[in-house]
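The shown structure was predicted, so the numbers you read here are calculated from the model rather than taken from an experiment.
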Amino acid sequence: MTTATRTIVMTGATRGIGLEAAAEILRRSPETHLVVLAREASAAHVLPWLRAVSPHVSAIHVDLAAKASVEAAAAQVEDLVDAGALPPLRGVVCNAGVHLSDALHTSADGYELTFAVNVLATHLLLRRLHPHLQAPARIVVSVSDAHYGDLRHTGATMPAPHWQDPAILSRPGAFGRSERVRSGGRRAYTTSKLGGIHLVHEWARRLPEGVDIVAYNPSLVTGTGLAREAGGSLQFVMKWLIPVLEVTPLVDTRPVAGRKLADVVLGVTKASTGSYVHRTRVMRSSAESYDADRERMLWEWLEKA
């Protein structure tokens with residue numbers, strides 16, 4: 001097999017579309033060494049399967065809900081790349097995310113857990129790794145059309161995001177009735193996905209030429225397990241109603257969505273830096289997601305967090 005000549009680092013590669021995309025990247029790009037950032041037990045479970053596809057895969061333990069763990073994992077990547085133990089870093093895929101039943105869960109550092117994993121951890125990882133990226137390189141951040149929060153994009157299953165000062169958003173209980181499934185957990189999720197797009201826009205302004213960052217929205221995908229902790233009717237909808245739509249163009253299965261994510265990561269799907277990729281094509285995200293003042297404020301808060 002071809003010796004690996006580049007490294008891609010990926011979170012969210014141990015289940016759902018991330019696992020499918022990881023295998024697809026290894027299968028289609030034998031020159032890639034994939035570094036999976038995941039909890040130790042999850043990585044141990046999937047590494048044998050991924051190594052059956054390619055020997056060029058390794059894992060580094062991380063808890064995305066703890067700043068110190070994210071920093072330590074990124075430092076390991078830095079050390080391995082600098083020492084030549086890994087090929088040059090050419091990609092980072094931030095695919096991990098959580099969707100909880102309320103907005104009261106707390107991270108190891110005291111932040112609201114959805115915000116900590118879906119926004120803060122992404123920024124911390126990119127802050128440490130982006131100086132090591134060698135052009136041409138691509139960063140992909142998985143987001144969601146749930147950030148629209150409207151009938152057309154969510155079928156009224158998700159509330160609209162409620163953006164506030166990040167210092168408030170990052171606290172448990174930031175929303176009215178944060179203990180509730182819809183007004184708490186789901187609103188925290190849609191707001192975090194809006195934050196992910198804000199983050200992509202601001203990083204796109206700051207990254208050097210040749211290092212691109214794009215947001216990827218898989219839209220509706222069956223069997224991902226993302227709603228397993230979401231509570232309420234969403235679990236029923238995702239398990240029993242959405243799979244019925246697999247025969248339509250509205251919904252993708254995990255393998256199909258994984259291939260589409262791999263297309264974005266590998267550059268098969270063409271997208272300029274700062275783009276929002278909906279499944280296979282570049283389009284505009286919500287009108288609310290384009291706000292330079294919010295994006296700068298979010299960046300400044302994250303830099304201090």
Quiz question: by atom type and distance under 3.5 Å, do the side chains of [X] and [Y] form a donor-acceptor pair?
| X | Y | answer |
| --- | --- | --- |
| Arg6 | Thr32 | yes |
| Asp145 | His153 | no |
| His147 | Thr190 | no |
| Asn95 | Ser142 | yes |

Just how far is it from atom [atom1] of [X] to atom [atom2] of [Y], taken to the nearest 0.5 Å?
| X | Y | atom1 | atom2 | result |
| --- | --- | --- | --- | --- |
| Thr114 | Lys193 | OG1 | NZ | 10.0 Å |
| His33 | Leu86 | NE2 | CG | 5.0 Å |
| Glu112 | Asp102 | CD | CG | 8.0 Å |
| Arg180 | Ser101 | CZ | OG | 13.0 Å |
| Glu31 | Arg90 | CD | CZ | 10.0 Å |
| His198 | Thr191 | NE2 | OG1 | 9.5 Å |

Nearest heavy atoms of [X] and [Y], plus distance in Å:
| X | Y | answer |
| --- | --- | --- |
| Met10 | Gly18 | CE-O, 3.4 Å |
| Ala257 | Ile17 | CB-CG2, 3.5 Å |
| Thr11 | Ala96 | OG1-N, 3.2 Å |
| Thr106 | Pro172 | OG1-CG, 3.5 Å |
| Arg186 | Pro159 | CB-CD, 3.5 Å |
| Val143 | Gly196 | CG1-C, 4.2 Å |

Tyr290 and His201 aromatic ring geometry - parallel, tilted or perpendicular at 30°/60° bounds: parallel
Aromatic ring pairing Trp299/His123, orientation class (parallel under 30°, perpendicular over 60°, tilted between): perpendicular
Measure the shortest side-chain to side-chain distance between [X] and [Y] over non-hydrogen atoms and say whether it is less than 4.5 angstrom.
| X | Y | value |
| --- | --- | --- |
| Leu194 | Arg294 | yes |
| Val93 | Val9 | no |
| Arg27 | Ser54 | no |
| Val282 | Val214 | no |
| Gln76 | Asp79 | no |
| Asn217 | Tyr276 | yes |
| Ser42 | Arg39 | yes |
| Leu207 | Ile139 | yes |

Residues Val36, Thr14; criterion side chain to side chain contact (heavy atoms under 4.5 Å, CB included); working and verdict: CA-CA 8 Å; Val36 174; Thr14 61; 4.1 Å; yes
Side chain [X], main chain [Y], donor-acceptor under 3.5 Å:
| X | Y | answer |
| --- | --- | --- |
| Arg187 | Ala160 | yes |
| Thr273 | Asp212 | no |
| Ser275 | Ala271 | no |
| Asp109 | Tyr111 | no |

Partner of Val141 by side-chain contact (heavy atoms from CB on, under 4.5 Å), out of Val92, Val119, Leu199, Ile213: Ile213
Linked, directly or transitively: [X] and [Y] (ILVMFWY side chains, under 4.5 Å):
| X | Y | answer |
| --- | --- | --- |
| Leu266 | Leu50 | yes |
| Val264 | Val256 | no |
| Val117 | Ile60 | yes |
| Trp49 | Leu26 | yes |
| Val57 | Val53 | yes |

Residues Glu300 and Lys304 bridged, charged N to O under 4.0 Å: no
Pair Asp263 + Arg28, salt bridge at N-O below 4.0 Å: yes
Worked verdict on Arg296 versus Arg205 for side chain to side chain contact (heavy atoms under 4.5 Å, CB included): CA-CA 10 Å; Arg296 184 177 60 256; Arg205 297 185 184 101; over 6 Å; no
Derivation and outcome, salt bridge (Lys or Arg N to Asp or Glu O under 4.0 Å), residues Glu71 and Arg127: CA-CA 10 Å; Glu71 294 282 355; Arg127 186 170 68 186; 3.5 Å; yes
Residue pair Leu126, Cys94: steps toward the side chain to side chain contact (heavy atoms under 4.5 Å, CB included) verdict: CA-CA 9 Å; Leu126 296 183; Cys94 298; 4.1 Å; yes
More than 12 heavy atoms of other groups within 6.0 Å of Gln164 CD: yes
Glu209, CD: over 12 other non-hydrogen atoms inside 6.0 angstrom: no
Side chain to side chain contact (heavy atoms under 4.5 Å, CB included) between Tyr189 and Leu100, worked out: CA-CA 8 Å; Tyr189 179 77; Leu100 304 174; over 6 Å; no
Validation row, ring centre Phe115 to ring centre His105 under 6.0 Å: no
Proximity of Phe175 and Trp163 rings by center, below 6.0 Å: no
Criterion salt bridge (Lys or Arg N to Asp or Glu O under 4.0 Å) on Arg128 and Glu78, from CA distance to verdict: CA-CA 8 Å; Arg128 287 295 297 262; Glu78 290 179 300; 2.4 Å; yes
Steps toward salt bridge (Lys or Arg N to Asp or Glu O under 4.0 Å) verdict (Lys260, Asp252): CA-CA 10 Å; Lys260 291 176 181 178; Asp252 282 333; 2.7 Å; yes
